[in-house]
Amino acid sequence: MKLIQLSILTFFISSTALAQSGKHSISAAKMQQIYEEVKTPYKYGLVMVPEDEQHKMDCPTIFREGKFWYMTYLIYSGRGYETWLSKSSDLLHWENMGRLMSFGDAGKWDDNQKAGYNALTSTKWGGDYKLGKFNGKYWMSYFGGKEKGYEVEPLSIGMAYTDKSPAVVQEWQRLENPVLSATDAEVRWWENRHKLFKSTVIEDKKRLTGHPFVMYYNAVGDSLENNKKTRWYERIGMAVSEDMLHWKRFGKDPVVHQPVGITGDGVIQKIKNTWVMFYFGAFWQDRKGAFNRFAASDDLVNWTDWTGDNLIQSSEPYDALYAHKSFVLKHKGVVYHFYCAVNKKDQRGIAVATSKDLGKSKLDFVSGNNK
């Protein structure tokens with residue numbers, strides 16, 4: 001009798017432990033449902049391109065203000081990154097408006113790199129995509145650096161803000177110092193190589209993390225060596241804040257990552273009751289190039305990675321080298337997946353794919369030759 005009771009108790013404990021260990025994983029059926037909801041098989045094509053071959057366009061972030069859509073994005077010159085703004089009435093045709101964060105010459109930590117991403121964008125899938133305010137201000141996180149060139153270390157994360165309309169071309173105000181850097185005492189193993197990159201800040205209204213604001217950001221960690229096999233390792237981790245000014249790491253390890261290559265540039269939407277992180281991968285063990293994928297979560301901390309087909313990958317001349325870096329939204333029943341398209345000449349622009357066939361863009365890179 002005691003042996004039977006012990007066996008039953010052992011089974012109960014084992015079953016409970018198994019249930020607890022898997023309680024935050026998203027089922028395969030739910031992941032498939034998300035994939036079917038967000039997939040965009042129709043490539044409309046380029047919607048924004050640089051004016052010449054010397055500049056590169058990157059990292060779209062979309063929001064809505066009034067009757068217009070706005071896109072903040074990056075332009076890289078040989079000096080570094082600046083943050084720009086464009087405007088659209090239909091999500092397909094965009095007008096360049098001007099700079100939001102420009103180069104400086106005052107000896108600041110971010111003089112030559114200011115790569116910005118709007119914070120507190122509405123995360124409701126199919127919602128209004130407006131920017132939220134905190135303390136009477138709109139906010140933008142960015143990675144900055146003092147060195148000239150392409151992503152030259154050190155790169156740290158800063159915060160910028162404005163009390164004016166985010167749809168107006170203006171220089172956003174910036175905090176004097178970074179909020180996260182590789183020299184912080186609490187820096188984690190996966191971000192200790194002096195390169196912190198894109199960050200996305202959302203409001204955690206239910207305080208699932210115990211904090212009102214959550215930042216997802218990717219960085220290069222201690223797998224970085226001076227060889228091609230490991231130097232591109234990036235992983236996505238978390239930080240939290242009470243006031244948008246002071247940030248602290250959340251957890252010891254990254255929340256979305258791969259054994260090899262880049263996992264980066266996460267952006268967040270909430271589809272029904274499930275959080276979805278759209279992100280890009282590159283140089284993985286099992287697939288070439290750069291591509292867009294997703295992970296899902298019910299608590300913003302534990303993420304289940306999609307194991308099926310890429311959402312976006314290279315297939316056209318204008319994105320033949322890389323098709324990566326997502327911003328995904330749904331409007332009037334149509335899913336729009338904006339991404340950075342890179343051709344084999346390393347020209348970079350912003351393209352979009354959709355869930356419905358909306359035709360083909362006539363826009364092309366300035367050279368007119370993508371092969």
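Just so you know, residue 1 is the first one in the sequence shown, and it goes up from there.
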Are Y233 and W284 close enough that their ring centers fall under 6.0 Å? no
Going by the rule side-chain hydrogen bond (donor to acceptor under 3.5 Å, both in side chains), which residues pair with Q173 if we only count those two or more places apart in sequence or in a different chain? none
Name all residues meeting the side chain to side chain contact (heavy atoms under 4.5 Å, CB included) criterion together with V38; count only those two or more places apart in sequence or in a different chain, and write none if there are none. I34, W125, I271, F278, L311
Between Q54 and S77, do the side chains contain an N or O donor and an N or O acceptor separated by less than 3.5 Å? no
Exactly one of K114, R99, K56 clears salt bridge (charged side-chain N to carboxylate O under 4.0 Å, His left out) with E82, and that residue is R99
Run the side-chain hydrogen bond (donor to acceptor under 3.5 Å, both in side chains) test against K148 and tell me which residues pass, sequence neighbours left out. none
Does anything in residues 267-277 form a side chain to side chain donor-acceptor pair (under 3.5 Å)? List the pairs, not counting sequence neighbours. Y129-Q269
Start with the C-alpha distance between W69 and D90, add both sets of side-chain angles, then the distance that settles side chain to side chain donor-acceptor pair (under 3.5 Å), and finish with yes or no. CA-CA 7 Å; W69 296 91; D90 63 1; over 6 Å; no
Could D110 and K146 be called an ion pair, given the rule that one side-chain N must be under 4.0 Å from one carboxylate O? no
Please enumerate all residues that pass side chain to side chain contact (heavy atoms under 4.5 Å, CB included) together with S86, with sequence neighbours excluded. M48, M71, Y73, W94
To which residues is V187 joined in a hydrophobic cluster, defined by side-chain heavy-atom contacts under 4.5 Å among Ile, Leu, Val, Met, Phe, Trp and Tyr, whether direct or through other members? none
Hey, mind stepping through E95 and S88 against side chain to side chain donor-acceptor pair (under 3.5 Å) and telling me if it holds? CA-CA 6 Å; E95 173 190 355; S88 175; over 6 Å; no
Is it true that Y138 and N118 share a donor-acceptor pair across their side chains at a distance under 3.5 Å? no
What residues form a ring-ring contact (aromatic ring centres under 6.0 Å, His included) with Y279, not counting sequence neighbours? none
Applying side chain to side chain contact (heavy atoms under 4.5 Å, CB included) to V169 and not counting sequence neighbours gives L85, M97
With K325 as partner, the option from N292, D58, D265 fulfilling side-chain hydrogen bond (donor to acceptor under 3.5 Å, both in side chains) is D58
Does anything in residues 25-65 pair up under ring-ring contact (aromatic ring centres under 6.0 Å, His included), and if so which pairs, sequence neighbours excluded? Y35-W306, F63-Y70
Quick note, ring-ring contact (aromatic ring centres under 6.0 Å, His included) partners involving residues 158-182, not counting sequence neighbours, are W139-Y161
My understanding is that only one of T307, T263, N310, D309 makes a side-chain hydrogen bond (donor to acceptor under 3.5 Å, both in side chains) with R293; could you say which? N310
Only counting residues at least two apart or in another chain, list the ones meeting ring-ring contact (aromatic ring centres under 6.0 Å, His included) with H324. F280, Y322
Side chain to side chain contact (heavy atoms under 4.5 Å, CB included) against F213, all qualifying residues, sequence neighbours excluded: L120, F134, E203, S241, M244, W247
